[in-house]
Structures are given as C-alpha cells and as structure tokens.
Number of protein chains: 2
Amino acid sequence: MDETDGGGAAGRGRAVLIEDGVEFDGRDATLLRAVHEAGSVAGAASELGRSRARALSRIEALEEAFGTLVDRRRGGSGGGGSRLTDDGRALLDRYDRLQAVLAATARVPETVLAGTVKEVDGELAVIDTAVGTVRGLNGETAVGDAVQVRIGADAVTIYERGERVDPDATSARNRLRGEVVGVDAGETVSTVRVAVDGVPFRVLITAESAERLDLGIGDEVAIRWKATATRVVGHATESDP
Amino acid sequence: MDETDGGGAAGRGRAVLIEDGVEFDGRDATLLRAVHEAGSVAGAASELGRSRARALSRIEALEEAFGTLVDRRRGGSGGGGSRLTDDGRALLDRYDRLQAVLAATARVPETVLAGTVKEVDGELAVIDTAVGTVRGLNGETAVGDAVQVRIGADAVTIYERGERVDPDATSARNRLRGEVVGVDAGETVSTVRVAVDGVPFRVLITAESAERLDLGIGDEVAIRWKATATRVVGHATESDP
DNA sequence: CGCGGTTGTATCTATGCCGATACAACGACG
DNA sequence: CGTCGTTGTATCGGCATAGATACAACCGCG
C-alpha cells in the first residue's frame with residue numbers, strides 16, 4: 001500500500017543543505033525545531049535526549065557556515081534562552097520544503113524502459129526502446145550506451161483518442177497509444193496502468209481527471225509526457241561480465 | 001551558476017532504499033558498482049581504499065535484507081571472484097534512477113508563497129496567498145495554519161494571453177496572469193521570471209517553448225500549474241515566540 | 001544580594017564504525 | 001599436487017562522534 005512500485009524496497013530521499021562543506025541535515029532540522037519550541041538550547045537538548053554541550057557546539061559549527069541561526073542570550077529572567085533568528089527560520093523552512101518535495105518525489109511510481117542511446121543533443125537524448133523512440137534528459141550517457149529510461153507517473157498525461165492536444169505541445173514531448181489494463185482509484189489521485197505494446201506504463205491522474213475520462217479496462221487511450229520529466233540513466237552493467 | 005535559487009545554500013537530495021530496517025545508500029551503491037567493475041570484492045575494496053573484510057560483511061548485511069546481491073565464489077581460476085546477481089543489478093539500477101531523480105528535483109528552482117490554509121479536502125488544500133487562492137497537496141497542515149506554498153519551476157507552464165487552454169485542464173489547476181520581468185536563456189531550458197502582483201514566479205521552459213513564445217521583458221503572460229505539483233508545507237514557526 | 005536557569009567551555013568516557021591484520025578454506029589450472 | 005588469488009572469519013586498534021560531567025560566566029528578578 002505504501003509501496004511505490006515493483007521495486008520491492010521502499011525508496012526515500014533525504015534533504016541536505018550544503019554551505020562551505022558543512023551539511024545541514026534532518027538531525028539539524030529537528031534540533032532547530034526543538035530550540036524554537038523549547039525556547040532554549042538546553043531545553044531542546046533534554047527534550048531530544050541529546051547532549052546539551054554537543055547541541056551547542058553543533059549550532060556553532062552550523063553558524064560558522066550558514067550565518068547566525070540562533071539568538072542565544074544568557075542571564076536574565078529564566079536564566080536566559082535562545083530563539084531562532086530570521087535566517088534560522090528561513091533555513092529551516094527551506095529544508096522543510098526540500099524534504100517535502102524529495103519525499104513526494106521518492107513516492108511517485110515510475111515506469112522504466114530499457115533502451116539504447118540513439119542521439120544526444122546537449123542535455124536532451126533520443127532513446128530507442130521497445131515502444132519506439134523517446135526523448136529524455138540525459139545524464140552522462142553517450143550514443144550507443146544501454147540505458148534505462150525513467151518516467152515519473154505524475155508527469156504523464158492521459159487523454160482519449162481524438163481529443164485535441166494542448167497548444168503548448170512541442171516536439172520535445174513523447175506520445176504513445178495504449179490500452180488501459182488497470183485502474184487503482186484513490187481518494188485524490190488514481191494510478192492507471194496503460195499497456196503500450198505490452199509494456200505497462202504507470203500514470204497518476206487526479207480524481208477530477210479520472211471522473212472526466214471515466215476510464216475502464218480495455219479502453220484505448222493515448223498518453224503524453226514531457227521530455228524534461230524523463231530521465232535517462234546509465235545502466236549499472238554496461239561493460240564486461 | 002550552480003545555485004538553484006535565492007536560498008543561498010546548495011540543496012541536495014540523497015537516495016536511500018530501505019528494507020527490513022537496512023538502508024542501501026550511496027556508499028553501498030558505489031561498492032556494488034566497484035564489485036561489478038573489478039569482478040571481485042577484494043579488488044573493489046582495494047580500488048575504493050576500503051577494508052575488504054568490512055566490504056564483505058557489509059554485503060552480507062545487505063543481503064540479509066535485500067536478498068542475494070552478489071554471486072561470490074572462492075577457489076578456481078584466478079582464485080575465484082564475485083559478480084552481481086540479477087537482483088543486485090536491479091537494485092543498483094533502481095538506486096541510480098532514484099538518485100538521478102532526486103538530484104534533478106533538488107536542482108529545480110522554486111517559488112515560495114506565504115499563506116494561510118483556507119480549506120482542506122483530503123490531500124488537497126486551498127491556500128490564501130498574496131496572489132489569490134491556490135491549490136496544493138497538503139502535508140500535515142490544518143485550516144488556519146500559516147504555511148508556505150512551494151511551486152516547482154518545472155511544473156509551471158507559461159502561455160500568452162488569449163491562447164487556448166489545453167483540454168485536460170481541470171479545476172485542480174492554478175492560473176495566474178503576470179508580467180515577464182526576466183529571462184535567463186539556457187542551452188536546453190530557460191528560466192523565466194514572471195511577476196504576479198509583484199510576486200516573482202520562476203518558470204522553467206524548454207528551448208523550443210522559449211522560441212515559440214519569444215518572450216521579452218514586459219510581456220503580459222499567463223502561467224498555469226497543476227495542484228499536484230504544489231506542496232503545502234507547514235511553517236517552522238507557528239506557535240509562541 | 002543571592003537565586004535560578006541558561007549560555008559558554010573544557011574534559012573524560014562510551015560507543016560504533018572502519019581499517020588493518022592474520023589465518024583457514026577453497027578450487028581451477030598448470 | 002602445489003600455486004595463487006579469492007572468499008570466509010575472527011580479532012585488534014584507531015578515529016570520529018556523541019553523551020556525561022563539571023565549572024565558570026551571565027543577568028533579570030524577587
């Protein structure tokens with residue numbers, strides 16, 4: 001249910017912000033969040049079950065690279081305390097955005113095509129696959145290489161045959177015709193499986209699109225996706241056996 | 001040049017495959033790749049400057065969770081050797097795909113809107129922002145929360161006013177009108193900055209679309225993006241100061 | 001003026017991971 | 001039948017990180 005595809009293992013993404021070689025990761029994010037909630041580094045450390053001295057030195061190390069993140073003051077009412085600076089909040093917000101997007105990306109089902117590079121034009125590559133030639137963004141592959149073409153299910157649009165194509169369609173898009181072989185209706189999004197020459201494509205559509213298209217198994221449909229949402233990844237095993 | 005946006009620090013994503021609590025990360029991927037290239041675990045370890053015994057025990061630990069990954073045999077011509085199994089190659093391929101997609105995602109410029117949650121319907125949320133109400137995928141936020149709305153520049157489509165909208169448009173899309181305030185032409189993709197009520201949106205378009213639209217600063221355009229490509233992320237600082 | 005809880009700072013210790021090393025088992029090949 | 005380079009397996013030591021502890025400095029407040 002929580003699985004993304006037939007890959008078996010669960011795939012995840014972890015966000016990292018890097019500045020001057022210092023990495024701001026999830027552990028740092030929870031630390032800053034705890035400081036914000038507790039109002040002090042000491043309180044945050046004890047809340048997290050971490051060493052206060054370590055937490056403090058970690059914050060100092062981060063600040064050396066990212067600038068002032070925590071406004072710390074000692075003495076005064078309550079003995080002092082610490083609050084996030086505007087920069088600290090901004091950094092934390094940015095981390096949260098990145099982490100949210102990466103987590104969402106890692107969850108997206110994918111369809112994978114095996115192919116060979118036919119042509120490379122800058123970042124764009126043309127790949128020969130079982131369903132014809134497709135275009136995608138290249139990643140360090142050269143003409144003739146055996147590659148895998150990765151298409152995110154959220155980038156694919158499904159439409160019924162005869163339907164007019166949108167005006168911003170460019171030659172950099174991929175189009176194929178196929179047959180619906182499965183519909184997994186969800187609350188807000190549905191996963192549709194479309195077979196193209198026997199190759200199953202996963203397509204993510206919104207509930208509204210699902211209602212509009214009213215897809216059923218056996219329906220003939222066309223699918224379309226942007227080349228920029230297609231990644232060409234070199235095969236792990238190219239050379240000698 | 002390599003920067004993604006005004007966030008300052010470089011954002012990255014690291015892929016991880018998880019099974020039974022065991023994490024397959026980039027270090028493991030390079031190990032498997034080296035084993036494939038060297039034809040032996042010993043050769044791979046020395047190539048990477050890592051301990052052979054550690055590499056071996058790491059592979060065993062991985063195999064306990066992911067299944068047989070490396071076909072190891074001792075004795076024989078050359079003293080033996082190791083090769084990746086089909087499962088091993090498949091796992092490595094999957095890791096490479098995920099890493100490629102996450103890296104690409106982390107590079108995408110973003111536009112961020114501050115807003116408050118107006119309505120939540122399942123996974124979809126309606127947010128009040130400076131440019132009006134927008135829809136996006138919710139992530140653990142509730143009505144009334146102060147949130148940040150994150151829109152990936154690659155998900156935004158730009159089109160000239162009066163142009164017909166595509167047929168798969170649903171009410172789950174967001175539309176706005178604005179003015180072009182900057183064009184950063186690239187080789188295969190260009191980054192366009194569109195101001196909507198003074199709020200700058202970053203839009204990524206292909207070179208072909210750039211040519212077709214022939215955008216110049218001051219042009220009045222409309223932008224559109226799918227709600228499913230919009231993430232609603234809770235603000236770090238909601239509660240007391 | 002002392003109290004209290006926090007920030008600074010230094011140091012010791014535990015822990016876990018990794019490299020290094022050593023040695024046995026293995027089996028095709030000359 | 002010995003050689004050779006590999007896979008198994010066990011153990012030791014180093015190193016980096018984090019927790020634990022201790023103590024000084026700070027300062028609003030009662």
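Note on naming: letters A, B, ... go to the chains in the order of the sequence lines (proteins, then strands), and numbering restarts at 1 for each one.
If you measure from atom CG of A:Leu62 to atom P of D:dT17, you get 13 Å, rounded to the nearest angstrom. Counting to the nearest Å, the P atom of C:dG16 and the CZ atom of B:Arg58 are 16 Å from each other. Atom-to-atom, CG of A:Leu56 to P of C:dA10 comes out at 12 Å; the value is rounded to the nearest Å. Between A:Arg72 atom CZ and D:dC27 atom P there is a gap of 15 Å when expressed in whole angstrom units. The interatomic distance linking A:Glu23 (CD) with D:dT17 (C1') rounds to 15 Å, in whole Å. Atoms CD1 (A:Ile59) and C1' (C:dT9) sit 15 Å apart, rounded to a whole Å.
Salt bridge status for B:Arg97 with A:Glu110: present, with a side-chain N to carboxylate O gap under 4.0 Å. Taking the charged nitrogens against the carboxylate oxygens, A:Arg193 and A:Asp184 have no contact shorter than 4.0 Å, which rules out a salt bridge. By the 4.0 Å N-to-carboxylate-O rule, B:Arg73 lies close enough to B:Asp71 to be salt-bridged with it.
The aromatic rings of B:Tyr95 and B:Phe24 sit perpendicular to each other, their planes meeting at more than 60°, with 30° as the lower class boundary.
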* How does protein reach along nucleotides 19-30 of chain C, written 5' to 3' as B (base within reach of a heavy atom under 4.0 Å), S (only sugar-phosphate), or - (no contact)? -> BBBB--BBBSS-
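Within 4.0 Å (heavy atoms only), B:Ser82 reaches sugar-phosphate atoms of the nucleic acid but no base atom.
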Side-chain donor-acceptor pairs of residues 56-70 of chain A under 3.5 Å, sequence neighbours excluded:
from	atom 1	to	atom 2	distance (Å)
A:Ser57	OG	A:Ala53	O	3.4
A:Ser57	OG	A:Arg54	O	2.9
A:Arg58	NE	A:Asp28	OD1	2.8
A:Arg58	NH2	A:Glu23	O	2.8
A:Arg58	NH2	A:Asp28	OD2	2.8
A:Glu63	OE1	A:Arg72	NH2	2.9
A:Glu63	OE2	A:Leu69	N	2.9
A:Glu63	OE2	A:Val70	N	2.9

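With a 4.5 Å cut-off on side-chain heavy atoms, A:Ile127 and A:Val147 count as touching.
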